[in-house]
Protein chains: 2
Amino acid sequence: AIMAAIAAQFGPKPLAGRHALVTAGPTHEPIDPVRFIGNHSSGKQGFAIAAALAAAGARVTLVAGPVHLATPAGVTRIDVMTARQMQAACEAALPADIAVMVAAVADWRAEAAPAKLKKDGSGPPPLSLTENPDILAGIGHHARRPALVVGFAAETGDLIAHASAKRLKKGADWIVANDVSEGVFGSDHTHVQLITAAGPEDWGPTPKQAVAERLAGRIARHFDGTP
Amino acid sequence: AIMAAIAAQFGPKPLAGRHALVTAGPTHEPIDPVRFIGNHSSGKQGFAIAAALAAAGARVTLVAGPVHLATPAGVTRIDVMTARQMQAACEAALPADIAVMVAAVADWRAEAAPAKLKKDGSGPPPLSLTENPDILAGIGHHARRPALVVGFAAETGDLIAHASAKRLKKGADWIVANDVSEGVFGSDHTHVQLITAAGPEDWGPTPKQAVAERLAGRIARHFDGTP
């Protein structure tokens, strides 16, 4: 219905000729050849956004972490495992007009051991963490920054304050913020606040599919010049 | 073909009246509400074994970590996330005649933080690991120990030595050992050594499905008294 409304307002392919970069899913940071640090991102939201942007006419490059999802029609998918691989794939995908960074990128990686860590009776191994590159901030401050950079924020409290600070720090135009303390991961529903320079906008509890279509509509209006 | 051979030798349901406990998949150990330590086990081997044992007539309880697999026909499935949940589900499933512990249980868990860990500029958070319960050893030395306890070993070197030591230490009758340095995780193939009291037996490179059927056949022969 939303896509039909967009089509009625802007024509069927309002984003034709635009290139959109979308990231989705978690990253897995290896601890050793069998273990990794992951997170509960299912990739559903990012894949739905990639599909909605493609449906709106954009050429879409989807950089996906390890997820169990089919590639949406008309979308070019690049599979990666780690944050550093995701960053490299995003850089390689530029230039883009639109970047929607939905992936739940690991903030930290471990110093990966070359062989499987074994229990040797001396207690757990120390796990030394190192900060990963900040992919959203890298895109938001890039020399070839897309015209519209949208980040996602998963928060467990102080949603609007954290997401507003994140928008400025990362150089993003918009932040789609959702409270993951409510069981969003893997679910088809989410409760979203869209944070723009104008402040927060409560989208309420919304199916991830509808968030994707609404966001694609906002992006189409942005490029059309409508505020 | 193997199941047909078993059926020809022992009748169509050689394990009728037997209860088999099977574990499969990884465990996920929470770091905070969004992050976890996982491993690359897909659950395919354990699910195939559960299916083969059910096809051989056993009543099968399958305790599964987080995987994306359909429950095999005739199998009772219990989904768990962490090693401690898996241990509790296994204990609750006893008594059993057969235990086949295929799951890649996390050796260590983190002290989980109640809220999402944030980057605060002071560097990565310390990640304190604690040893998890050893589910195979617990079953292998249990007061209600199943008559046949089979463990799995994923090794990246010294396969037979490590697996033979594991067999004795865990109180298992057999260990199915495979070298995970060869890209076994998520694959449909594996290279297996069956370690029994008589020593190692090289099954060679084998599809996971065939490992499952061959193992079910061995279990059927074991309960039939054939060496």
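To find a chain, count down the sequence lines: A is the first, B the second, and so on, and within it residues start at 1. A quick note: this is a predicted structure, and the numbers were derived from the prediction, not measured.
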**Student:** Do any of residues 21-31 of chain A have a heavy atom less than 4.5 Å from a heavy atom of chain B, and if so, which, in residue order?
**Tutor:** His28(A), Ile31(A)
**Student:** If you look only at distance, which donor and acceptor atoms sit under 3.5 Å apart when one is on a side chain in residues 48-55 of chain A and the other is two or more places apart or in another chain?
**Tutor:**
none

**Student:** Without swapping roles, check the side chain of Arg167(B) against the backbone of Asp173(B) for a donor-acceptor pair under 3.5 Å.
**Tutor:** yes
**Student:** Could you tell me whether a side-chain N or O of Thr206(B) sits under 3.5 Å from a main-chain N or O of Trp203(B), the two making a donor and an acceptor?
**Tutor:** yes
**Student:** Examine distances only and state if a side-chain atom of Glu91(A) and a backbone atom of Gln87(A) form a donor-acceptor pair shorter than 3.5 Å.
**Tutor:** no
**Student:** Side chains of Asp107(A) and Lys118(B): does their closest heavy-atom pair fall under 4.5 Å?
**Tutor:** no
**Student:** For residues Ile37(B) and Leu127(A), report the shortest heavy-atom separation together with the two atoms involved.
**Tutor:** CD1-CD2, 4.3 Å
**Student:** When you measure from the side chain of Asn39(B) to the backbone N and O of Val34(A), does any donor-acceptor pair fall under 3.5 Å?
**Tutor:** no
**Student:** For chain B, find its close neighbours in residues 129-153 of chain A: heavy-atom separation under 4.5 Å, sorted by number, or none.
**Tutor:**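 Those residues of residues 129-153 of chain A which have a heavy atom under 4.5 Å from chain B are Leu129(A), Thr130(A), Glu131(A), Asp134(A).
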**Student:** Taking Lys208(A) first and then Glu213(A), would you say they form a salt bridge - that is, a charged N and a carboxylate O separated by under 4.0 Å?
**Tutor:**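 Here Lys208(A) does not pair with Glu213(A) in a salt bridge, since their nearest N and O are not under 4.0 Å apart.
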**Student:** Tell me, side chain or backbone of Pro125(B) under 4.5 Å from chain A's heavy atoms, or both, or neither?
**Tutor:**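 Contact with chain A is through both the backbone and side chain of Pro125(B).
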**Student:** Between Lys116(B) and Ala154(A) (side chain of the first, backbone of the second, donor and acceptor by atom type, cut-off under 3.5 Å), is there such a pair?
**Tutor:**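 Flag set: sc Lys116(B) to bb Ala154(A) pair under 3.5 Å.
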**Student:** Can any side-chain N or O of Arg35(B) pair as donor or acceptor with the backbone N or O of His40(A) at less than 3.5 Å?
**Tutor:**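 Such a contact is absent between Arg35(B) side chain and His40(A) backbone.
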**Student:** Answer yes or no: are there more than 12 heavy-atom neighbours, outside Lys169(B) itself, under 6.0 Å from its atom NZ?
**Tutor:**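 Not buried by this count: 12 neighbours or fewer within 6.0 Å.
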**Student:** Is there side-chain contact between Leu62(A) and Phe47(A), with heavy atoms separated by less than 4.5 Å?
**Tutor:**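 Answer yes - side chains close enough.
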**Student:** Give me the contact list for residues 93-103 of chain A versus chain B, heavy atoms only, anything under 4.5 Å, ordered by residue number.
**Tutor:** none
**Student:** Taking the inter-plane angle between the rings of His222(A) and Trp174(A) on a 0 to 90° scale, is it parallel (under 30°), tilted (30 to 60°) or perpendicular (over 60°)?
**Tutor:**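 The rings of His222(A) and Trp174(A) stand perpendicular, inter-plane angle above 60°.
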